[in-house]
Amino acid sequence: MRFSEFSLQPQILQALREMGYEELTPIQEKAIPHVLAGQDLLGVAETGSGKTGACGVPLVQMVDPTLNALQALILVPTRELAQQYVAELAEIARYTDVVPFAVFGGFDMAIQRAKLRDRVHILVATPGRLIDYLWNHALPFSHIRTMVLDEADEMLKMGFIENVDFILSCLLHDHQTLLFSATMPNAVGQLARSYLKDPVRVELNKEQIAPASLAHHFKYIARRDRLKALVTYLREETISQAIIFCNSREGVGRLIQALKQMFQSVELIHGGLEQPQRTSVYNRFRDRSIRLLVATDVAARGLDFTHVSHVINYEFPQSEEVYTHRSGRTGRMGRSGVAMTFVADRELNALQRLLRVNRIDPVWHDRVPSLGREARRPGRKAPGRRAGRRRRRSRSSGTDSAH
Ligand code: ADP
Ligand code: MG
């Protein structure tokens with residue numbers, strides 16, 4: 001279905017044409033009519049499927065620009081997502097009088113306050129920053145018609161639930177709530193049950209967690225040989241842009257030291273950077289003046305870098321969901337992408353689980369580990385599920401939790 005078949009304002013259609021949006025993506029096709037009809041909605045779809053537009057297009061259409069009041073509020077888990085979301089809204093709204101704006105941490109509060117007092121119709125915010133703002137300033141919510149929780153799974157994982165609760169409790173009048181998520185853990189179901197009224201449930205590709213255009217490559221390699229293997233891979237593979245993931249800021253710091261000596265155009269991003277630096281790296285990676293980005297999971301959360309050809313899990317992801325989010329940074333919108341994961345012996349249990357849970361068909365480089373070997377080795381007790389779980393949990397320390 002094409003956008004032109006919807007009765008959208010001509011100004012919006014014009015903008016969408018210029019953005020290259022002609023056909024709706026499947027999630028947009030399923031969601032937009034319900035959003036326009038004012039229904040609550042639970043949208044679950046893989047990363048890169050166009051969830052921002054599914055929400056942004058009808059929101060811009062529904063806002064009344066002659067009413068100078070906040071009419072839609074969108075909560076997102078990270079600053080970068082807030083920037084990206086508001087940029088897409090601004091493009092959709094560029095020929096209308098609808099004003100979108102974003103507030104997020106690390107940005108001058110005085111400027112944000114002035115803008116909010118002046119004129120904002122659609123506000124995108126990270127929960128923490130919005131609450132800071134609400135403590136100190138009035139922000140009338142009485143005209144908000146639509147409330148959006150984007151990347152709900154990430155928001156919960158980052159411990160924003162109380163903030164989200166608080167913000168939602170400030171909305172006393174009847175309104176529409178839209179909840180979007182790439183994955184559907186129980187906690188998201190609970191959130192939906194508490195805040196959505198008779199929601200329409202739009203779910204895509206239930207069986208297919210990651211985009212089909214994504215190939216899952218694995219390399220079985222001892223820890224001590226990992227750096228060498230990475231360097232060889234970066235040299236031999238045709239890479240237009242890659243994100244190389246580590247599990248901690250320290251890991252990122254160590255790896256970037258090594259890579260900077262051998263490669264040009266390599267930068268890092270993690271939660272410890274000052275905001276201007278983070279924005280600069282983010283923008284330069286987006287416009288492709290950086291080719292290799294070494295990152296913690298902060299960079300993986302829903303960010304849309306369209307040209308990433310490779311995601312490299314230099315350090316093994318700490319859960320199946322983290323794998324999904326990381327690898328979702330490539331293979332977007334039907335483009336082909338490669339997720340390459342380095343696996344060491346101690347990660348084989350977690351790997352087996354990953355392959356099963358995410359239904360991954362692995363492409364092995366060089367050596368194939370004999371999976372399940374532990375269980376078959378004579379004279380040793382097979383490791384029970386509990387052992388595997390304990391091991392996984394112990395790996396989850398030292399994460400980059402800043403946002
Ligand atoms: P998600 O939030 O589901 O991860 P995004 O909303 O970030 O996905 O969209 C992924 C990419 O697809 C973005 O680059 C976006 O500009 C592009 N896109 C979204 N909808 C369309 C469309 N209808 N036609 C063409 N490109 C689109
Ligand atoms: Mg998104």
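Atoms within each ligand, like the ligands themselves, are counted from 1 in listed order. One-based numbering along the sequence shown.
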| query | If you measure from atom 18 (N) of ligand 1 to every heavy atom of Tyr85, Phe3, Tyr21, which option wins on shortest distance? | reply | Tyr21

| message | Using a strict threshold of under 4.0 Å (side-chain N to carboxylate O), is an ion pair present between Glu22 and Arg17? | response | no

| Against heavy atoms of Thr25, which atoms of ligand 1 measure under 4.0 Å? | 20 (N), 21 (C), 22 (C), 23 (N)

| message | Under 4.0 Å between a side-chain nitrogen and a carboxylate oxygen: does that hold for Glu18 and Arg94? | response | yes

| task | In plain terms, say whether Glu347 and Arg223 are close enough for a salt bridge, that is, a side-chain N and a carboxylate O under 4.0 Å apart. | result | yes

| message | Out of all atoms in ligand 1, which are within 4.0 Å of some heavy atom of Thr52? Include the element for each. | response | 2 (O), 5 (P), 6 (O), 7 (O)

| message | Out of Glu23, Met1, Arg2, who is nearest to atom 23 (N) of ligand 1 when you count heavy atoms only? | response | Glu23

| Quick check: does Gly50 get an N/O under 3.5 Å from an N/O on ligand 1? | yes

| said: For Gln28, which part has a heavy atom under 4.0 Å from ligand 1: side chain, backbone, both, or neither? | reply: side chain

| When the ring centroid of His325 is compared with that of Phe245, is the distance short of 6.0 Å? | no

| query | What class does the angle between the rings of Tyr220 and Trp364 fall in, given that below 30° is parallel, 30 to 60° is tilted and above 60° is perpendicular? | reply | perpendicular

| request: Quick one: pull up CG in Leu292 and CG in Leu268 and give me the separation to the nearest 0.5 Å. | output: 12.0 Å

| query | Side chains of Gln83 and Tyr282: donor-acceptor distance under 3.5 Å anywhere? | reply | no

| task | For Ser49, take its heavy atoms, then give the atoms of ligand 1 lying under 4.0 Å from any of them. | result | 1 (P), 3 (O), 8 (O)

| message | Taking 4.0 Å as the limit for heavy-atom contacts, which would you say applies to Phe180 with ligand 1: side chain only, backbone only, both, or neither? | response | neither

| task | Please indicate whether any nitrogen or oxygen in Gly48 is less than 3.5 Å from any nitrogen or oxygen in ligand 1. | result | yes

